[in-house]
Amino acid sequence: MLNDVIDDIAIKGLATVIGYIASSRRLNDYVARRLNRMLYNEIVIKNITKRPYKVQMEKYLTARNIIGSVAKILNDRKVGKAVRKGVVENLIVSSIIKSLRLRNVALSSYEISYPTFLTVSPAKHCNLSCRGCYANSTVRDSDTLDYDIFSRVIREKTASWGSHFTVISGGEPLTYNINGKNILDIYTEHDNNFFMMYTNATLIDRNMAKRLAEVGNCTPAVSVEGFEEITDRRRGKGVYKKVVTAMENMADLGVPFGLSLTATRQNYKEILSEEFLDFFVGKMGAKYIWIFQYMPIGRHFTLELMLTPQERLWMFRREQEILHTTDIFFADFWNSGPVSDGCIAGGRFGGYLHLLWNGDVTPCVFIPYKLHNIYDIYKNGGDLEIILNSPLFKQIRKWQIEHSFMKKGSEMKNQIMPCLIRDHHKEFMEIIKKTGATPIDDEARQALDDEFYHQGLIEYDKEFANLTDPIWENEYLRSFIKEEKAG
């Protein structure tokens, strides 16, 4: 108990020091340089996890770019006290430093799971109706997560997991409204968390941007499909101009924001072009980029929008180029598999789980199958541990361990193919059948019964493995195996 008190005092003191440093651009840049050197030494040189050099180098470059993005936020004179406090105390100290301290354990067993974050989709309703929406959200949907349950889950995961980072998805989070409470009330109530909110941004007018700046502990990740023509084609006429206006509002009022990009066969080259990065990062001021390759789930799911194996490989090479030659914090949830040590679903150590608008809990945003509902769990006196210890979540974590998560470097399987449901679809289906997980909606039920769909994904996996297994062996493992033998 005394050690916990001392640790809390130390953490608060650290927040004060970092807050002081963050108020000075010169000190800010100095600390960023020192952190970069420290991270390189810890991740690449020491490499206590014994991962291949190329894996560790990609982790370091990603961490370096995260630090650079935070420095850009803190160096922005338009960023006010509330945002600085949220970034320093909730993101840097609690979500990163304190979280790492709590997870400073030897990964020799996997009996206890400590997810790093939680994703909540509190409302299915959306003011848009985008083609291929993974959540199948429309303006007609009204399913909304009870506010007290929403708040209770965040309190519980923060206390139980030491997790101070929460991702908000949807539907459109800014349409969440129940009994007079909205999403900003959640941010205000849980001022010890840092929130990243995936949003179409069409509702971020100047007043909303002002309110986000006042709350201070949320960064919007704005969805675009590319430039105007392709964004409006998928999201609706006039959406692109609204998004650009929203970004101008946030930049002017000091709200740090990033991009959320869905890569399809129609836009993958455009969203990775120099012109796109120059405009959205250089001119508009986006501080980070997340890429979600189109997943064949949700509304009108189809394999036709999914990148071909060859197109995905092109993306992998282009993203490697961006990682090595720019300071942009840029991650692709599939092609950046080596950085995350593979799949992060199922409440994995360092991973997450997903709570939906109706209380269903799934292992991942892109796995539309479940065993539990949070309303039922709380009604029966349970907690989040019941979900983490469920057969579905345990089987997913078991697969992660066997694939590469806790393997020695030379035994790791291809992490360029990290995704269970997409890259290892045959194994995924075996887990669903074994655990008796059920679909969350009619679209997931249709997919479950569609043999053509399953066979298409299995063939896709074989073809992509043929393309990337040699890359994994030759570029990631070969030199590491030689070093192991020499050692």
The test is side chain to side chain contact (heavy atoms under 4.5 Å, CB included); show your working for Leu272 and Ile291 and say whether it passes. CA-CA 10 Å; Leu272 292 177; Ile291 281 193; 3.8 Å; yes

Nearest-0.5 Å distance that lies between atom NZ in Lys407 and atom CD in Glu402: 7.0 Å

Quick check on the 6.0 Å ring-centre criterion: do Phe329 and Trp290 meet it? yes

Side-chain donor or acceptor of Asn267 paired with backbone N/O of Thr262 under 3.5 Å: yes

Say whether, by atom type as modelled, one donor and one acceptor occur between the side chain of Glu172 and the main chain of Lys124 under 3.5 angstrom. no

Quick one: closest heavy-atom pair of Gly258 and Thr219, and the distance? N-OG1, 4.3 Å

Would you confirm whether Lys46, through its side chain, and Val44, through its main-chain N or O, come within 3.5 Å as a donor-acceptor pair? no

Phe280 vs Phe227 side-chain heavy atoms within contact, under 4.5 Å: yes

Checking Asn207 against Asp205: is there a side-chain donor and acceptor pair closer than 3.5 Å? no

Nearest-0.5 Å distance, CH2 of residue Trp334 to CE of residue Met315: 10.0 Å

Is there a donor-acceptor pair under 3.5 Å between the side chain of Asn380 and the backbone N or O of Gly382? no

Yes or no on salt bridge (charged side-chain N to carboxylate O under 4.0 Å, His left out) for Asp252 and Arg206, after CA distance, side-chain angles and deciding distance? CA-CA 9 Å; Asp252 191 44; Arg206 195 164 182 83; 2.6 Å; yes

Quick one: does any side-chain atom of Thr175 pair with a main-chain N or O of Cys126 as donor and acceptor, under 3.5 Å? no

Distance check, rounded to the nearest 0.5 Å: Leu384 atom CG versus Leu355 atom CG? 8.5 Å

Indicate whether any N or O donor in one side chain lies under 3.5 Å from an N or O acceptor in the other, for Asn193 and Thr158. yes

Under 6.0 Å between ring centres, would you say that holds for His125 and Trp357? no

Are the side chains of Val167 and Val120 in contact, using a 4.5 Å heavy-atom criterion? no

Walk me through it: do Asn182 and Asn177 pass the test side-chain hydrogen bond (donor to acceptor under 3.5 Å, both in side chains)? CA-CA 5 Å; Asn182 60 42; Asn177 195 304; over 6 Å; no

Sub-6.0 Å ring centroid separation between Tyr198 and Phe292: yes

Test your reading of the model: is there a side-chain donor-acceptor pair from Asn75 to the backbone of Ala71, 3.5 Å cut-off? yes

Check whether any side-chain heavy atom of Phe405 lies under 4.5 Å from a side-chain heavy atom of Phe349, and answer yes or no. yes

Verdict with reasoning, Gln293 to Asn335, per side chain to side chain contact (heavy atoms under 4.5 Å, CB included): CA-CA 9 Å; Gln293 295 179 28; Asn335 287 346; 3.4 Å; yes

Okay, side chain of Asn249, backbone of Ile204: is any donor-acceptor separation there less than 3.5 Å? yes

Where does the angle between the aromatic ring planes of Phe428 and Tyr369 fall among parallel (under 30°), tilted (30 to 60°) and perpendicular (over 60°)? tilted

Note, Ile322 side chain near Leu277 side chain (heavy atom, < 4.5 Å): yes

Nearest non-hydrogen partners of Pro115 and Leu353, listed with the distance: CG-CD2, 3.9 Å

Under a 4.0 Å threshold between the charged nitrogen and the carboxylate oxygen, would Asp232 count as salt-bridged to Lys241? no

Smallest separation among heavy atoms of Ser223 and Arg235, with atom names: CB-NH2, 3.3 Å

Does Arg445 pair with Asp442 as a salt bridge, N-O distance under 4.0 Å? yes

Taking the six-membered ring for Trp, are Tyr176 and Phe150 ring centroids under 6.0 Å apart? yes

Looking only at the side chains, is there a donor atom on one of Lys157 and Ser163 sitting less than 3.5 Å from an acceptor on the other? yes

To the nearest 0.5 angstrom, please state how far the SG atom of Cys343 sits from the CD1 atom of Ile421. 10.5 Å

With the side chain counted from C-beta on, respond yes when Ser160 and Asp383 share a heavy-atom pair under 4.5 Å apart, and no when they do not. no

Side-chain touch Leu305/Pro296, heavy atoms, less than 4.5 angstrom: no

Here the gap from Asn217 atom CG to His164 atom NE2, rounded to the nearest 0.5 Å, amounts to 12.5 Å

Mind running salt bridge (charged side-chain N to carboxylate O under 4.0 Å, His left out) on Lys59 and Asp341 for me, showing each step along the way? CA-CA 9 Å; Lys59 288 180 183 177; Asp341 288 322; 3.0 Å; yes

Looking at Asp327 and Arg64, is there a salt bridge between them, counting it only when a charged N and a carboxylate O are closer than 4.0 Å? no

Can you check whether Met417's main-chain N or O pairs, donor with acceptor, with His424's side chain at less than 3.5 Å? yes

Does the gap between the ring centers of Trp161 and Tyr352 come in under 6.0 Å? no

Within 45° of the six-membered ring axis of Tyr378 and under 6.0 Å from that ring's centre, is NZ or CZ of Arg152 located there? yes

Trace of the side chain to side chain contact (heavy atoms under 4.5 Å, CB included) decision for Asn192 with Glu89: CA-CA 8 Å; Asn192 62 348; Glu89 294 186 9; over 6 Å; no

Six-ring centre of Phe366, Arg422 cation under 6.0 angstrom, axis tolerance 45°: no

Do Met57 and Leu323 make a side-chain contact, defined as non-hydrogen atoms from C-beta onward lying under 4.5 Å apart? no

Kindly indicate, with the supporting measurements, whether the criterion side chain to side chain contact (heavy atoms under 4.5 Å, CB included) is fulfilled by Asn389 and Lys394. CA-CA 6 Å; Asn389 291 313; Lys394 279 191 168 184; 3.9 Å; yes

Salt bridge present between Lys85 and Asp191 (N-O < 4.0 angstrom): no

Return the OG1 to CE distance between Thr199 and Met208, rounded to the nearest 0.5 Å. 9.0 Å

Search all heavy atoms of Pro418 against all heavy atoms of Trp399 and return the closest pair with its distance. O-CH2, 3.6 Å

Thr188 side chain vs Asp185 backbone, donor-acceptor pair below 3.5 Å: no

Between Tyr40 and Gln56: side-chain donor-acceptor atoms closer than 3.5 Å: no

For Ala213 and Ala82 the tightest heavy-atom approach is O-CB, 3.5 Å

Do Gln415 and Ser404 meet the criterion of a side-chain donor-acceptor pair at a distance under 3.5 Å? yes

Is the side chain of Ser336 donor-acceptor paired with the backbone N or O of Phe333 at a distance under 3.5 Å, no angle test? no

Where is the tightest heavy-atom contact between Ala201 and Val222, given as atom of each residue plus distance? CB-CG1, 3.5 Å

Taking C-beta and beyond as the side chain, do Tyr187 and Ile168 meet within less than 4.5 Å on heavy atoms? yes

Taking the ring centre of each residue, are Tyr288 and Phe330 less than 6.0 Å apart? no

